[in-house]
Amino acid sequence: MATSICRTLKYFQPKTCLNIKCSASLLDVRLPQPLLLPIRTKKRYFIPPAVNVKQKSQSEQEAKARAAGVVVRQQYIERAINISCTAGIFDPYVPPEGDARLSTLSKEGLKQRTEQLRQSAASQLAFRKIKDHDPEFSTKEFPALAQQIFIDAHAALTQFNKEKLHSLVTERCYPEMVRGNRYKTLRWRFIESLEPPRVVHARCPDMISKGNLYGQVTLRMHSRQTLAIYDRFGRLMLGDEDEPRDVLEYLVLERHLVNPYGCWRLHGKIVPAWAPPKDPIIKTVLIPGPKLKPEEEFKDLNYQVPKPAAVQWHK
C-alpha cells in the first residue's frame, strides 16, 4: 500500500508543476517574489557567556556593559556606625601587677596605691561630667548596680535570652559574648563576692561632635564563680560546675549621657597583660574505625581502639 501511494505521488508531481507553469505563461502573470523585511527583536541586556572561554577581567566586563548601554552603579564601601555606644574603650585602665595579692602595708603595695592616686585626677573630672547629666550617679552606690548588671547579663547569656541581653550589654559587647556559643550549653553561677566591688577608673569621651558625651566607668570585681561549657554532644569542654574559682575582673560599663533614656550597660572587659593563661579547651575528636562491608555491622566485629605506641627517646 505504501509503495503504491509513493508511485502515485511521483507520477502526479511533474504534471502538476508543468500545468502551473503553462497556466502562468498563458495568463502572463508573474508570481510575486518573497520580500525580506528587517525586524528588530527585543534588546538583550545579558548574553550568557560562551563555553570554554577565559573569564574576562572586571574592567573588560564594565566596558562591555557600557557598550551594551547598561549603567553600572558605583559601589560605595560604607561602614555603619552606631551612636548609642562607642566602638571601644577610651584610655583603658591599666591594672597594677599583682593586684589582689599584694598587701597595702607592703612596699610594693604602697607604690601601687600612690600611683592610683595620681591617675585619679582625670577620673574626678569625668565623675563631674557624669554627674552633670546623671545626678543620681554615686561612686558608692554604682558598684552594686554594676555587679547586678553583670550577673543578669551572664544569666541571660546562659538562657540565650537575646532581648534581655541586648538591654544589658552594648552593641559592641554583644557579639563578643555570643561568638562561638552556638550548639553549646553554658552553666554559670555567681557564688559570692570576695571583696566589695569598687570603681577604679572613669572617662567621659565624646564622639562625632563635641557635646555628644559617653560615660565609661571601670569596676574592679573580685568574686567566686563556677563555669562549665558543654559541646553539642554533651561532653565537658571547659570548667566544672562543682569547682568554684576566684575570679578578678575589670569591667567597663558605658552610658550615652546625652540620651535621656540611656542606661548603664556592660561594654567590655579589661584583661591585664600579667593575667595567667586560660585553660585549654577539651575537644571531641572522631577516631576512625574499620571499614565495614555492606553485610557487616560494627557490633559484630568487637573492635577495640588501638592504644598509641610508646615513644622511645634515644640519647
Side-chain angles (χ1 to χ4, degrees), residues 85-104 108-127 129-130 137-157 165 168-179 188-205 214-227 238-239 244-256 263-279:
C85 71
T86 57
I89 301 172
F90 288 87
D91 192 11
Y93 174 70
V94 180
E97 188 173 356
D99 194 5
R101 296 178 184 176
L102 297 176
S103 174
T104 55
E108 294 180 356
L110 287 171
K111 285 182 180 179
Q112 291 180 3
R113 188 63 181 169
T114 53
E115 188 67 25
Q116 288 176 5
L117 292 173
R118 289 176 185 175
Q119 294 178 356
S120 63
S123 298
Q124 294 297 329
L125 294 173
F127 287 140
K129 289 183 180 179
I130 292 172
F137 179 82
S138 174
T139 55
K140 295 181 180 179
E141 297 178 359
F142 182 78
L145 173 65
Q147 185 175 2
Q148 190 60 39
I149 291 172
F150 173 79
I151 295 171
D152 294 343
H154 283 74
L157 179 65
L165 190 61
L168 295 169
V169 301
T170 60
E171 286 76 13
R172 183 246 182 193
C173 182
Y174 180 81
E176 293 182 358
M177 292 185 67
V178 176
R179 188 184 296 117
W188 179 86
R189 190 161 51 94
F190 183 87
I191 299 176
E192 61 178 350
S193 292
L194 300 177
E195 294 180 34
R198 57 187 174 88
V199 176
V200 293
H201 191 72
R203 288 294 180 268
C204 196
Y214 295 85
Q216 290 186 355
V217 179
T218 305
L219 185 79
R220 179 188 180 276
M221 194 171 73
H222 192 198
S223 60
R224 185 168 291 167
Q225 308 170 14
T226 59
L227 174 66
L238 183 69
R245 294 192 179 185
D246 300 345
V247 184
L248 178 63
E249 295 174 308
Y250 297 91
L251 310 174
V252 179
L253 288 94
E254 186 184 84
R255 178 179 178 178
H256 193 194
C263 58
W264 290 102
R265 295 186 296 173
L266 193 64
H267 187 62
K269 189 183 292 186
I270 297 173
V271 181
W274 45 265
K278 295 181 180 180
D279 296 338

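Computation of the quantities below employed the complete heavy-atom set of this structure, encompassing side-chain atoms and omitting hydrogens, waters and symmetry-equivalent molecules. These numbers were taken from a predicted model, which means no experiment stands behind them.
Shown here are the side chain to side chain donor-acceptor pair (under 3.5 Å) partners of Arg245, two or more places apart in sequence or in another chain: Asp279. Every residue meeting the ring-ring contact (aromatic ring centres under 6.0 Å, His included) condition with His154, not counting sequence neighbours, appears here in chain and number order: Phe150, Trp188. Under the side chain to side chain donor-acceptor pair (under 3.5 Å) criterion, Arg172 pairs with no residue, sequence neighbours left out. Applying the ring-ring contact (aromatic ring centres under 6.0 Å, His included) test to Phe142 and every residue at least two apart in sequence or in another chain returns Phe137, Trp264. Shown here are the side chain to side chain donor-acceptor pair (under 3.5 Å) partners of Thr170, two or more places apart in sequence or in another chain: His267.
Note that CG of Leu266 and CG of Leu251 are 6.0 Å apart. Values are rounded to the nearest 0.5 Å. Here the NE2-CG distance, from His201 to Leu219, works out to 13.0 Å after rounding to the nearest 0.5 Å. Annotation: the span from Leu145 atom CG to Ser138 atom OG amounts to 11.0 Å, rounded to 0.5 Å. Distance check, rounded to the nearest 0.5 Å: OG1 of Thr139 to CZ of Arg198 gives 12.0 Å. The SG atom of Cys263 sits 8.0 Å away from the CG atom of Leu168 when rounded to the nearest 0.5 Å.
You'll find the side chain of Pro143 reaches within 4.5 Å of the side chain of Val199, heavy atoms only.
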- Message: One pair to check against side-chain contact (heavy atoms from CB on, under 4.5 Å): Val169 and Leu157. What are the steps and the verdict?
- Response: CA-CA 11 Å; Val169 301; Leu157 179 65; over 6 Å; no
- For the pair Glu254 and Arg203, evaluate salt bridge (Lys or Arg N to Asp or Glu O under 4.0 Å) and give the outcome as yes or no after the intermediate values. CA-CA 10 Å; Glu254 186 184 84; Arg203 288 294 180 268; over 6 Å; no
- Query: side-chain contact (heavy atoms from CB on, under 4.5 Å) between Leu194 and Arg224: does it pass, once the steps are laid out?
  - Reply: CA-CA 7 Å; Leu194 300 177; Arg224 185 168 291 167; 3.7 Å; yes
- Query: How far apart are the C-alpha atoms of Val178 and Leu165, what are their side-chain angles, what is the distance that settles it, and do they pass the side-chain contact (heavy atoms from CB on, under 4.5 Å) test?
  - Reply: CA-CA 10 Å; Val178 176; Leu165 190 61; 4.0 Å; yes
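Residue pairs satisfying the side-chain hydrogen bond (donor to acceptor under 3.5 Å, both in side chains) criterion with at least one member in residues 143-152, sequence neighbours excluded, are listed as follows: Gln147-Ser193, Gln148-Asp152.
In this structure a side-chain-to-backbone donor-acceptor pair under 3.5 Å is present from Gln216 to Gly88.
Partner Gln225 forms a side-chain contact (heavy atoms from CB on, under 4.5 Å) with one of Glu192, Arg189, Glu249 and no other, that one being Glu249.
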